[in-house]
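Everything on this sheet refers to the single structure shown next.
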Amino acid sequence: MEYDFQAIEERWKAQWKTDNAYRVEEDPNRPKYYVLDMFPYPSGAGLHVGHPLGYIASDVFARYKRHQGFNVLHPMGYDSFGLPAEQYAIQTGQHPAITTETNIKRYREQLEQMGFCYDWTREVRTSDPKYYRWTQWIFSQLFESWYDVQADKARPIRQLIEALDSNGLDGVHLASDSKWWENLAPKIRAPWGDDFGGQLSADQWRNCSDSTKSQILMEFRLAYLADSEVNWCPALGTVLANDEVKDGLSERGGHPVHRKRMRQWIMRISAYAKRLLDDLDGLDWTDSIKEAQRNWIGQSQGAEVRFNVAETNHQLAVFTTRPDTLYGVSFMVLAPEHPLVPEITIPGHKDTVEQYQQAASLKSERERQGAGDQTVTGCATGASAIHPLTGKKIPIWIADYVLAGYGTGAIMAVPAGDERDWKFAKTFDLQIPGIFEGKDTNTAVFTEKSAILCNSESLNGLTGSEGIPAAIEMLETKGVGSKQINYRLRDAVFSRQRYWGEPFPICYENEIPRLIESTQVTLPEVDAYLPTEEGEPPLARARKEDWNVFEGDRMEFNTMPGWAGSSWYFLRYMDPLNEEVFCSREKSDYWGPVDLYIGGAEHTTGHLLYSRFWTKFLFDIESIGFHEPFKQMINQGMILGRSSFVYRVLGTNQFVTAERRKEFKTQRLHVDISFVEGDTLDTEAFRNWREEYSDAEFILGKDGTYTCGFEVEKMSKSKFNVQTPDELVERYGADTLRCYEMFLGPLTQHKPWDTQGISGVHNFLRKTYRLFAQSDDGSPSDTSLRILHKTIKKVTDDLNRHAFNTVISALMIGVNELLDSKGHQRNILQPLAILLSPVAPHLAEELWQMSEGKGSVMDATWPESDEKWLIADRITYPVSFNGKVRFQLDLDATMEAKDVEKAALQHEKTTAQIEGKTIRKVIVVPGRIINIVVG
RNA sequence: GCGGGUGUGGUGAAAUUGGUAGACACGCUGGAUUUAGGAUCCAGUGCCGCGAGGCGUGUGGGUUCGAGUCCCUCCACCCGCACCA
């Protein structure tokens, strides 16, 4: 009887479907376990062999947990809004919903064929109105919330209004721009006076019109509308988030990105910076991702110092991490975009300053932060600041090495202790006051905190590290500065000028935004998926009657970004059909949070940060009871393609085999891997591949075949090295593919795909089938029981540490040894079938039946290894001399160290080894090793 | 520049607490069997050497009876971040 994988897999897939075998419901009597795969975008190309790697691993783990008695939630769905479907729509006019539907169908087929245990009744799609209704709801909650810094949580805007009505902003600490009032129109803040510093009184608030109040509140909402510098990508016709821009180019498509000032919806993620940073410590994620998030959040501790601008009322605040070097400040530098630049520049410098500003604004993001381009540029404003401690006048410059978006957009320059300041001072011949004992900072900068300070009055004699707290204290006493913590993390732009995304539940009245709460806003039909002639987003094409709801003067034309829907999808899986709430508290209390999250490492600063942010927000408003979404995460490595090459002799149609290619001048060409079997080219297939190769001639090797060269690179269509799971499933079955992908190597590592190895794994399954075909109900030998229990232990331990590759090896060893020991008795085979079931579910179900197991193998209890069978009665000791193994010694396991030593020393080979030398020491590690030190 | 990661046979890799380096597979070599199959079985396969033996986990050093594993140095490759004050 042969292993007929096709029949087996088909039969059990059908049976499981009939039995709803993957359906899960909450069950308070059983512990839950939530295994989640990263949300796929259903692309038109379908899955290649690299995609399912993580899905297989999570599926194996989900099944394993189920055997252990856990109630396992293991869902799948689609991040189905997004650019590719829309780009396709622009080109073809086909509605993105249609493309998306087709792609999802294909994905579903591929996923089902792999035998994943997803509960498909929980499938979600971000582009489904029943889903995005709740994405919109979360947005509306963010809109209706502000961040209370004192309580360190989000609170309803209603409570802020109540506070404003009774006490104004007195006693309220909220997250906002540090000078939020400057974002308001001058005529709004005019009544509050020139020296308004943010302390809005109850009277001032009450005197505002409704429209003004709404504009003021906008400064405090967690989802707010603001004019800001955004990453505008003209080629894509939309803005991009910081994490969607790499080296000044769009991540998708690689198009140039410019800075542009636009009115956009923004998420106040910066309010959560500290919590996002601090809570990383408790997560079981890789250090590299946690570290990358820490860098992205970019906390730095230091001080804010205020400088007065000479002969004006203006004040310039700067942030510094080195307040200890205050006495070394010899000039200030502002970002070219700094709002005070025009006001403080003295008449004689206006022209050059404006020219410099102009030049800086024309530079693209890429040029401005371009690697290598570290040429120092800058321009004096002619104005001076007063050093707050010494009272000395210091010049104020502008330069584009100072970023408008970080800190206050201004710095105090300490050339002695800062590389960039030092270079700047050298370039423009500015003073470099020495402040470190024994360091000549005129010739070299000194940036370490270890130097002893001098010329620094009360700080003299302190090291930098000691000087920092002392300096902060001094600044606070003198009232010219204070301790401060700064974050690099900026608020996230939440508008996209696109069609295929969630519409905002927002309309405008006199250009004041208002939430639409009466009905859900759904995507209207439009005549084209392009911006309007006026440059408005595609939704501006919708006529009033195209919208299902139309309120106010106009609807919001932007849509939400891709990360909106994917920031909370793991919550919807817990309660996918609920029409009252995004997820009932009862269900999220049972299922949440995600216990194990498996996916690629490419979402480090995007998805993973945004999900954490929304989770914390939903926790604050008590919609869920946990504040981190993903307890443990594993990032699978990429599966690389193995490309094959042929070598064409230059100027001919002759192709030379790889081993002889050095004899000719050749051109290397990718060849489709489907014509290559173990590096040997099917020359006929190659000739038939393309017209131009039809009369190709081959210079063959000695064995009369054509050998291709190979290289490991990313899988891509253009390299003809893409392997789809479909053909492999057809040829070997899903179980083989699952086992093979796990067998390839450690999950987290990148590895090349090589189909040659798959036959070994397929053989293993065939051998397993053969073992079970002999199933009987005799009693097994001690040897067979030892093999079984050793395998149980190894497989269990390895699954627990997610070492899936060695799980397969252990099973192979087990099956090989059982075949040798004739271990085909039912009480050996049944536990073995369970061990196999996470990795090869179809075959395991068949084998379970063959060995007369009851019910489905999926629900069988995971076997436990019995210590009794793990203890060996004999031990083969390696005997080494000076650490080098010379021979083996088979001894009784119960023998004590003393006797082991004696036995070793008496051995004839020992005598030979120590000939002419003396024994200095004998080390016996019981059960392990004997080492004899001679000399 | 900073941060993270990876270096072990011809290939993918294993070695979990410092204790027989290369398990398990692929590939390769030889053989058996068979109405040639991408089947099965047996033997071999880290490198050098006929052999005894020697050498071997990126480099060089150290700790140890014993190091792929711990410490230091350097090198190569991959991935992030990068004028962040």
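To find a chain, count down the sequence lines: A is the first, B the second, and so on, and within it residues start at 1.
- Remark: the separation of the P atoms in A67(B) and U57(B) is 11 Å, to the nearest Å.
- Mapped onto RNA chain B by nearest heavy atom, Met412(A) and Ala292(A) fall at different nucleotides, with Ala292(A) at the one closer to the 5' end.
- Taking atom C1' on both nucleotides, A14(B) is separated from U69(B) by 13 Å, rounded to a whole Å.
- Residue Asn295(A) has no polar side-chain atom (N or O) positioned under 4.0 Å from OP1 or OP2 of G4(B).
- Enclosure of atom CD in Gln774(A) by more than 12 non-hydrogen atoms of other residues, nucleotides or ligands within 6.0 angstrom is indicated.
- For the OP1/OP2 pair of G5(B) and a distance below 4.0 Å, the side-chain nitrogens and oxygens of Thr748(A) include no atom meeting the criterion.
- Rounded to whole angstrom, the span from the CG atom of Leu277(A) across to the P atom of C84(B) amounts to 18 Å.
- Among the heavy atoms of the strands, none lies under 4.0 Å from Asp421(A).
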Protein heavy-atom contacts under 4.0 Å, written 5' to 3' over nucleotides 15-25 of chain B as B (base), S (sugar-phosphate only) or - (none), form the string SB--BB--BBS

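- Spacing between atom CD1 of Ile758(A) and atom C1' of G27(B) amounts to 16 Å, rounded to whole angstrom units.
- Side-chain atoms of Thr806(A) and Asp798(A) form a donor-acceptor pair, as typed in the model, at a separation below 3.5 Å.
- In the set G54(B), C55(B), C65(B), G54(B) carries the atom at the smallest distance from any side-chain atom of Arg886(A).
- The glycosidic torsion of G9(B) lies within 90° of 0, which places this base in the syn conformation.
- Distance, Glu602(A) CD to G5(B) P: 19 Å, rounded to whole Å.
- The phosphate of G12(B) has neither OP1 nor OP2 within less than 4.0 Å of any side-chain N or O from Lys751(A).
- Side-chain contact between Met742(A) and Ile56(A) is present, with at least one heavy-atom pair separated by less than 4.5 Å.
- Spacing of P atoms, A39(B) relative to A25(B), comes out at 15 Å, to the nearest Å.
- With a 3.5 Å limit on both pairing distances and Watson-Crick or G-U wobble geometry required, the stems of 3 or more pairs in RNA chain B span B:1-7 with B:75-81, B:10-12 with B:24-26, B:27-32 with B:40-45, B:46-48 with B:53-55, B:60-62 with B:70-72.
- Taking only side-chain atoms of Arg488(A), from C-beta outward, the nucleotide of C81(B), U40(B), A85(B) with the closest atom is C81(B).
- For the P atoms, the distance from G5(B) to G51(B) is 44 Å, rounded to whole Å.
- Side chains of Ser300(A) and Tyr406(A): a donor-acceptor N/O pair is present below 3.5 angstrom, by distance only.
- Taking atom C1' on both nucleotides, G27(B) is separated from G9(B) by 12 Å, rounded to a whole Å.
- Between U45(B) and G62(B), the two C1' atoms lie 36 Å apart (nearest whole Å).
- As a whole-Å value, the separation of Tyr769(A) OH from A39(B) P is 19 Å.
- Spacing of C1' atoms, G56(B) relative to G22(B), comes out at 11 Å, to the nearest Å.
- Summarising the geometry of Ile398(A) relative to Tyr356(A), their closest heavy-atom pair is CD1-CD2, 3.6 Å, with the distance given to 0.1 Å.
- With rounding to whole Å, Ile639(A) atom CD1 is found 20 Å from C78(B) atom P.
- Between A43(B) and C48(B), the two P atoms lie 24 Å apart (nearest whole Å).
- Between the side chains of Tyr769(A) and Asp4(A), no donor-acceptor pair of N or O atoms lies under 3.5 Å.
- Side-chain contact, Tyr740(A) with Asp735(A): no donor N or O sits under 3.5 Å from an acceptor N or O.
- Using a 4.0 Å heavy-atom criterion, one finds that Arg920(A) contacts no nucleic acid atom at all.
- Taking the side chain as every heavy atom from C-beta outward, Glu741(A) and Leu737(A) approach each other to under 4.5 Å.
- Regarding Lys290(A), its NZ atom lies at a distance of 17 Å from the C1' atom of G80(B), rounded to whole Å.
- Between Arg766(A) and Glu2(A) there is a salt bridge, since a side-chain N of the basic residue sits under 4.0 Å from a carboxylate O of the acidic one.
- As rounded to whole Å, 11 Å separates atom C1' of G1(B) from atom NZ of Lys423(A).
- Closest to the Thr320(A) side chain, of the nucleotides U6(B), G3(B), A85(B), is A85(B).
- Across all strands, Phe881(A) comes closer than 4.0 Å to no nucleic acid atom at all (heavy-atom distances).
- We find that Lys483(A) and Glu304(A) are not joined by a salt bridge, their nearest charged nitrogen and carboxylate oxygen being 4.0 Å or further apart.
- Following rounding to the nearest Å, Asn486(A) (CG) and C84(B) (C1') show an atom-to-atom distance of 9 Å.
- Side-chain atoms of Thr736(A) and His762(A) form a donor-acceptor pair, as typed in the model, at a separation below 3.5 Å.
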